[in-house]
Undergrad: 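I'd like to ask you about the structure that follows.
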Amino acid sequence: MLAQKIGKPHPDNAAGRFYVLDTCNGCGLCLTYAIHNFSFDDSGLFYYVYRQPESDDELDDVHKAASLCPMDAICDDGKV
Ligand code: SF4
């Protein structure tokens, strides 16, 4: 059984299967790996899914970002 993640989705997440939780620490790693899909909010402290992946390459990028997120704050509900 997978451990349940703690936190609430950031309100700026683009609607869709991927989203970032408010446990994000603002490190920016996700933007480094998936520049087309993540951005930071007005505070500059939190990142969110700016655009859902639109290609297999972007999907790979987002999966890589999720696997490397130090806060485990990037979620995938698995629906396409
Ligand atoms: S990699 Fe994770 S902790 Fe770092 S900015 Fe992105 S969502 Fe936040």
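In what follows, every heavy atom counts, from backbone to side chain, and hydrogens, waters and symmetry copies are set aside. Indexing begins at 1, ligand by ligand and atom by atom, following the structure's order.
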Undergrad: I'd like to check which ligand 1 atoms, numbered from 1 as shown, lie under 4.0 Å from a non-hydrogen atom of V20.
TA: 7 (S)
Undergrad: Could you pull out every donor-acceptor pair under 3.5 Å between side chains of residues 27-34 and any protein atom, sequence neighbours left out?
TA:
{"residue": "T32", "atom": "OG1", "partner": "G28", "partner atom": "O", "Å": "3.3"}

Undergrad: Might you confirm whether atom CD1 of I6 has over 12 heavy atoms from other residues, nucleotides or ligands at distances under 6.0 Å?
TA: no
Undergrad: Measure the CG-OH distance between D76 and Y19 for me, rounded to the nearest 0.5 Å.
TA: 8.5 Å
Undergrad: Is the centre of the H63 ring less than 6.0 Å from the centre of the F18 ring?
TA: yes
Undergrad: Is any protein N, O or S atom closer than 2.8 Å to atom 4 (Fe) of ligand 1, and if so, which?
TA: C27 SG
Undergrad: Please collect all salt bridge (charged side-chain N to carboxylate O under 4.0 Å, His left out) contacts where either partner lies in residues 62-73, sequence neighbours excluded, each pair once.
TA: K5-D72
Undergrad: Would you say the ring centroid of Y50 lies under 6.0 angstrom from that of F38?
TA: no
Undergrad: Return the set of residues passing side chain to side chain donor-acceptor pair (under 3.5 Å) with S43 (not counting sequence neighbours), or none when no residue passes.
TA: D41
Undergrad: One residue to check: I74. Relative to ligand 1, which of side chain, backbone, both or neither has a non-hydrogen atom less than 4.0 Å away?
TA: side chain
